**Q** 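A single structure is presented below for examination.
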Amino acid sequence: MTFISYLKDGISLGSIYAIIALGYTMVYGIAKMLNFAHGDVIMVGAFVILTAVTKAGLSPLLSILLAVVLCTVLGVVIEAVAYRPLRKASSNLAVLITAIGVSYLLQNLALLIFGADAKSFVTVIDVPTLVLFDGQLTIKGITIVTIAACIIIMCALTFFVNKTKPGRAMQAVSEDRDAAQLMGVNVNSTISLTFAIGSGLAAIAGLLLCSAYPTLTPYTGAMPGIKAFVAAVFGGIGSIPGAMIGGILLGVIEIFGKAYISSQVADAIVFAVLIVVLLVKPTGLFGRNIQEKV
Amino acid sequence: MAMLEIKDLEVFYGVIQAIKGISFEVNEGEVVALIGANGAGKTTTLQTITGLLSPKKGSILFEGQELTKVPAHKIVSLGMAHVPEGRRVFAQFTVYQNLLMGAYTRKDKNEIEASLAEVYKRFPRLEERKNQTAGTLSGGEQQMLAMGRALMSKPRIILMDEPSMGLSPILVNEIFDIIQSVSASGTTVLLVEQNAKKALSIADRAYVLETGKIVKEGKAETLLNDDSIKKAYLGE
Amino acid sequence: EEGTFKIGVIGPMTGDYAQYGTNVYNAAKIAIDEVNANGGFNGYQVELLDAGDDQGDGEKAVNAYNDLLDKGMQMLCGTVTSGACIAVGAEAAESTFLFTPSGSAVDCITAGSNEFRMCFTDPMQGSKSAQYISENGLATKIAILYDSSTDYNVGIHDAFVEAAPEYGLEIVADEAYTTDSNTDFSVQISKIKDSGAELLFLPNYYSDCALILQQAADAQLDVTFFGVDGMDGILSVENFDTSLAEGVMLLTPFSATAEDEATVNFVTAYGEANNGETPNQFAADAYDVIYAMQAAANDAGITPDMSNEDISAAMSASMLNIEIDGLTGAAKWTEDGECDKEPKAVVIKDGVYEMMQ
Amino acid sequence: MKKGMSKTSKNNYITYAMVIVIFIVVQTLSATGNLSRLITGLLVPLCVYTIAAVSLNLVVGFSGELSLGHAGFMCVGAYSSALFSNVFAETLPSVPRLILAILVGAAVAAVFGILIGIPVLRLRGDYLAIVTLAFGEIIKNLINVLYVGVDENGLHVATSSAGLNLAAGGKQIMKGALGISGTATLYKDIKDYFFPIGVVLILITLFIVQNLVNSRSGRAIMSTRDNRIAAESVGISVTKYKLMAFTISAALAGVAGVLYAHNLSMLKVSTFDYNLSILILVYVVLGGIGNLRGSIIATIILYALPELLRGFSNYRMLIYAVVLIVMMLFNWAPAARNWRSRMLEKLKGAGKKKEAA
Amino acid sequence: MAMLEVNNLSIQFGGLRAVDGFHVSIEKGRLYGLIGPNGAGKTTIFNLLTGVYKPTEGVIRLDGEDITGKNTIEINEAGIARTFQNIRLFGAMTVLDNVKVGLHNHYKYSTLAGILRLPSYFRKEKEMNEKAMELLKVFGLDGEAEYLASNLPYGKQRKLEIARAMATEPKLLLLDEPAAGMNPNETAELMKTIHFVRDNFDMTILLIEHDMKLVSGICEELTVLNFGQVLCQGKTAEVLSNPQVITAYLGE
Ligand SMILES: Nc1ncnc2c1ncn2[C@@H]1O[C@H](COP(=O)(O)OP(=O)(O)OP(=O)(O)O)[C@@H](O)[C@H]1O
Ligand SMILES: Nc1ncnc2c1ncn2[C@@H]1O[C@H](COP(=O)(O)OP(=O)(O)OP(=O)(O)O)[C@@H](O)[C@H]1O
Ligand SMILES: [Mg+2]
Ligand SMILES: [Mg+2]
């Protein structure tokens, strides 16, 4: 039973990584950039919800909606102002560094506005805990919600990217921007759309992250952002199911590492497993192994 | 009025001027060839017309509309398609998906299906390979795909950048036949070619580009028999 | 200007630990305003320089220290975090008077004879905790959950573990987490639950503890929770459900909910100046530091025109003469710079601290 | 047929000259008392980060791989050398001890470079980036639980403080999250020379990197960056040369770590997290990928910026972020580049006209 | 004995047998052409010969030595160098350095000597420069030695690729569509250069080309490939008049 229970814990934690990784991988796969500010958009989303609920007294649903809208706008604005001018830069590292600048900017703005003190997140999602096997296994409501959200978002994104026209356009843009343009794809708006979706999902991720681990500071998004990056790579860059599976596995490994090896070196264990997996499968679990035509 | 009219076009890469004030026109139904040595600026010209590059000076009128003010992605729906140099197929898409991207701006499913059938008829190889990822196609196959993809938008004018590059002799002939049949079906063609002989033999008119300037123009037959052209571009 | 003392604060004002630095700075400001109103340092007014932000990092702390010296700093209230304090301590040794409110690692003030601290040392908190638990018969089977990547937590943990056998405590679970994964404690909590521990020792800062308490409640972990001074502040975490902290015990020198006049005044003043925030133990320590500096300054008879070295020497000598009764209790100082005061044990009852014994 | 100095070697000499001129200017200012303490304090850290940036540029700029674990190598260099210095604190005089410490730091970091490089360099692009990041974090996590002490029986290594079992009179050197403290104090006598030493180390780093890049092996390294398949087709072993770049870069990062560890009294592993790796990457990218002089200039500007912005107190990190974004756009956006080169042309044109007139 | 002996070479990509039972025998000093329709498998054969792909079946012998299954580097050392259909230069390096990378395994000095600038560094670098300039001169690229390779016009990039391949001092040089993207004049010039190289550098050359003028102009023998299989092999003139070749490849 303890094994099952640990597995459940791992999946709960992993589902949080997964939900962040889904938004991350969207931008990562299409715009071909590591958006280091993604984690901070998550933080902004969480702060918006918290402020809307506690200070403005909005209903939870309305607050979430507000956060999604604001984060979407934020994502689009960031892309237009800070990333778009660098789209044709001679190295794609340039935009990576700018993303880091944006990350600092969001953190420090939040610091000035909300202060440094950690705040507890309020209960926005109220789903009862599931009790199984006479209380031997309990699954928290938020976990169920997160996993459900993950699956829904994963399916929706997969469908969107593969089966809809804007989705196809996104893939074309990720392959070859100029050629996509020649096909009539508006590259700017496609990338904006990508950021809009990614950032909207960040707001949801912020909600779920802070509901599961109810603490919030201006730096709350940074570490989960990195872990989501790890999860996205783990699953295979640009692969939507990969992001989800990568996230969940990351969580499970972390929990098993703590449970069966040592809680002091759990981080090292997670990363060591990641390395081993990548050495065996160099493009991640679901990454396509693109052979270069010589 | 000409279908496509380029006036005093100047294009820069940073501080380097690649196009130094060229003017030319393409009339409806014509095949116009643009020939010139390596680095003359042929590709640059085509890319400027379809908005991938923006000119510093000059105007590009397509059916009376100023293209320099139209964003690149809107150009294809005006009826202009571009087969880019180096093919630029979507490497991870299948052949079929590439062709569908060509019809990105079109809505009517049945018509798209019809175009697809037409392209497959023109390029049976593409139908054979429709589920292969484009990146693993041979060079010639990719070239066919690039042309097929451009045709999927049902363009009124098609710009082709060295479509015969890397093709087998039989395919070169085929491609030129296809260009002719495309032209015969009413599509105007602006053709950039290194294979000047072939290009001139199917073109109505031609322009010769040298280091960013047009140095000669005229009827294709005339140029085909022009001594200096023969010497410089036909290898005779 | 001439005729005023200049005091600097160094601590994390941005970054992961910003809450500690800002608390110290805000409290120092309040204390200095009060001190100026009641006669200043030896009759001279005191000016608080802009906060020296170190983001909790030693190297940046040294930079901040140098910058403050450029700006005329004569005495230092800082630094806030231990690692940074050790780094600055080496620079300030025998040159600038250093008085840290919260640098609790042993080495923070060992570099020079002119270095003092307000808080307890980590090892002392560790062993005092063990002693307290044992003497009051709170438990014998102990579990620990601590951040193994942060010096404060490790310092207390190590000392506690060392002292435990001496006091007849058995450590049945010793679980860790790191700053990089400080949100999910499910495994650690279930291991602790399985270990049969009666008491969970939490030598961590309050923001982590808030999460731990929440998850422990979810897991229905039924033990006594025992914290140290870092736990203080938990009741004022915005939106925290204080019922989760019911029955939690901690050793702390300060309680923001105490009803003595000094505390009430301070908490009110702090809230007014900082849009309603409640000060934590860092703030209280910093507040006391300024008052202790005042006492020492008056005793030493220093004047603003003296050099940093002279001020430092005079203050250090006087530190041994003074005694203050501050927010964190009655305190006096030993020659090695340590503060001699008794930790107060409190228990959280109905959302407020209640003194034990 | 030697036609004077080639363009690259001229470029190299300009870089050396720049470093030396900056050094002389700084020394002069300092000798005449025109340097604030803040700036003086920044000098050695600047050397640390310059070395780190130049060495990272070898990997990012010349071998074309994105490494996010550079701080890990600094960390290894820092810890191994600090350990060495502490162990031999009594047996060796400070100058040879420092030299040996530098070599130890470089060697240990190089070994780690090889150990990590062999498996991971088979990966490409972002997969390689994530694995380097992972290694950095693993190193950090493991050192965090490492305790090392010495007594008359020699070196003891353990994973907890209690596990060391030191004999009486033994001394704990590495204390897990508490790190190593007091290393700088061992070098009090030569502390003033750390800046010149740092500058010499920069020059050596430049010497190694520039000469490597302009040699047979350097060309091989760059060829693997530009086109892996073509490089193999002419008989270049991609793995060998990527590994060479990675290892040399790691060794030099180790040297940066040594300087860091010996300049500061406090060595904490949490300093060397992925944020530091990213920060160094920021220097490299802002200064220009593959441009060593750019790395130096960018390091100086970006490291000093937040320190010089201290006057803006709360807003300084915000301003820093904005400036970083703006500088990146200005340096990298094609539009800005075109504008700059046009301006440059104009300036040149104007200059010529003047000459003609 | 032939310089290159290939027997029963095959490779399978998923369901596609891209090269199927390919065989060829090329004498030392020959100028040999490999032609065939697009997608016939010509480039794939180059990739097999140079170890980019591992054959599913077959044997490759170079000068009697079995090199089947060796990796690209070993094969280059054994004496095969190539150019690529889609140009692969070291774009951010100078033209001169591109060739010097090709010289890498023939002018050796240690990394340490390079860093410390020991005498061997100066000696070898001087030799390398001279050798590289000599090669560049053959292709008329000596004037552009300090240009970045990516700034060269297309035709010159192709030539630089050949120069770089030659720098590795191969016995067998594989050229994949060297005349692609060149106009007839440039092609004519290239033909002369290829001849010159063969004659003066003691090389065997196998080339893929679709430009019949070049093929009929300089190739002495040809193999025609169709659907991965050898359609026809022999003297150039004979092959080009083979009716099968005409229907499958040449047309008209
Ligand atoms: N991205 C670029 N940056 C700088 N210069 C460029 C760039 N692209 C092209 N050029 C230069 O502009 C000029 C014209 O190039 P363009 O590609 O239009 O020539 P082209 O006639 O198409 O030649 P080719 O037959 O080789 O395709 C050349 O001198 C080329 O070097
Ligand atoms: N890695 C691969 N995976 C799948 N199919 C491949 C791969 N490489 C080549 N092919 C297929 O093998 C066949 C032969 O390709 P190859 O590139 O050798 O043709 P080629 O004869 O060089 O043609 P061209 O003259 O057009 O360059 C083609 O149908 C191609 O699609
Ligand atoms: Mg072109
Ligand atoms: Mg080919």
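Small disclaimer: the values here were computed from a predicted structure and weren't measured. Scope of the values below: all heavy atoms of this structure, side chains included, with no hydrogens, waters or symmetry mates. In what follows, every chain begins at residue 1, and chains take the letters A, B, ... in the order their sequences are listed.
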**Q** Can you tell me which portion of D:Asn141 sits under 4.5 Å from chain C's heavy atoms? Options are side chain, backbone, both or neither.
**A**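 The side chain, not the backbone.
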**Q** Strictly under 6.0 Å, is that where the ring centroids of D:Phe195 and D:Phe23 end up?
**A**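 Yes, they do, as the ring centres are separated by less than 6.0 Å.
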**Q** Looking only at heavy atoms, which of residues 100-116 of chain C get nearer than 4.5 Å to chain D?
**A**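 Under the 4.5 Å heavy-atom cut-off, C:Asp107 qualify.
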**Q** If I measure from the heavy atoms of chain D, does C:Asp50 come under 4.5 Å with its side chain, its backbone, both, or neither?
**A**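 Only the side chain of C:Asp50 comes within 4.5 Å of chain D.
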**Q** Sub-4.5 Å heavy-atom contacts with chain C: which residues of residues 31-39 of chain D show up?
**A**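 Under the 4.5 Å heavy-atom cut-off, D:Ser36, D:Arg37, D:Leu38 qualify.
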**Q** C:Thr178 versus chain D, heavy atoms under 4.5 Å apart: side chain, backbone, both or neither?
**A**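 Contact with chain D is through the side chain of C:Thr178 alone.
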**Q** Examine whether an atom of C:Asn153 lies under 4.5 Å from a heavy atom of chain D, and if so say whether it belongs to the side chain, the backbone or both; otherwise answer neither.
**A**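 Neither the backbone nor the side chain of C:Asn153 comes within 4.5 Å of chain D.
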**Q** Residues of residues 85-96 of chain C under 4.5 Å from chain D (heavy atom pairs)?
**A**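 The stretch touches chain D at C:Ile86, C:Ala87, C:Ala90, C:Glu91.
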**Q** Name the region of C:Asp67, side chain, backbone, both or neither, that has any atom closer than 4.5 Å to a heavy atom of chain D.
**A**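 When you check distances to chain D, atoms from both the backbone and side chain of C:Asp67 fall under 4.5 Å.
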**Q** Test: ring-ring contact (aromatic ring centres under 6.0 Å, His included). Region: residues 46-74 of chain C. Which pairs qualify, not counting sequence neighbours?
**A**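 Listed by first then second residue: nothing to list.
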**Q** Check whether D:Lys188 gets within reach of chain C through its side chain, its backbone, both or neither, counting any heavy atom under 4.5 Å.
**A**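 No part of it gets close to chain C.
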**Q** Identify which part of D:Leu178 has an atom lying under 4.5 Å from any heavy atom of chain C, answering side chain, backbone, both or neither.
**A**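 For D:Leu178, backbone and side chain are both near chain C.
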**Q** Applying the ring pair (Phe, Tyr, Trp, His ring centres under 6.0 Å) criterion to D:His262, which one of D:Tyr187, D:Tyr79, D:Phe84 satisfies it?
**A**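 Only match with D:His262 under ring pair (Phe, Tyr, Trp, His ring centres under 6.0 Å): D:Tyr187.
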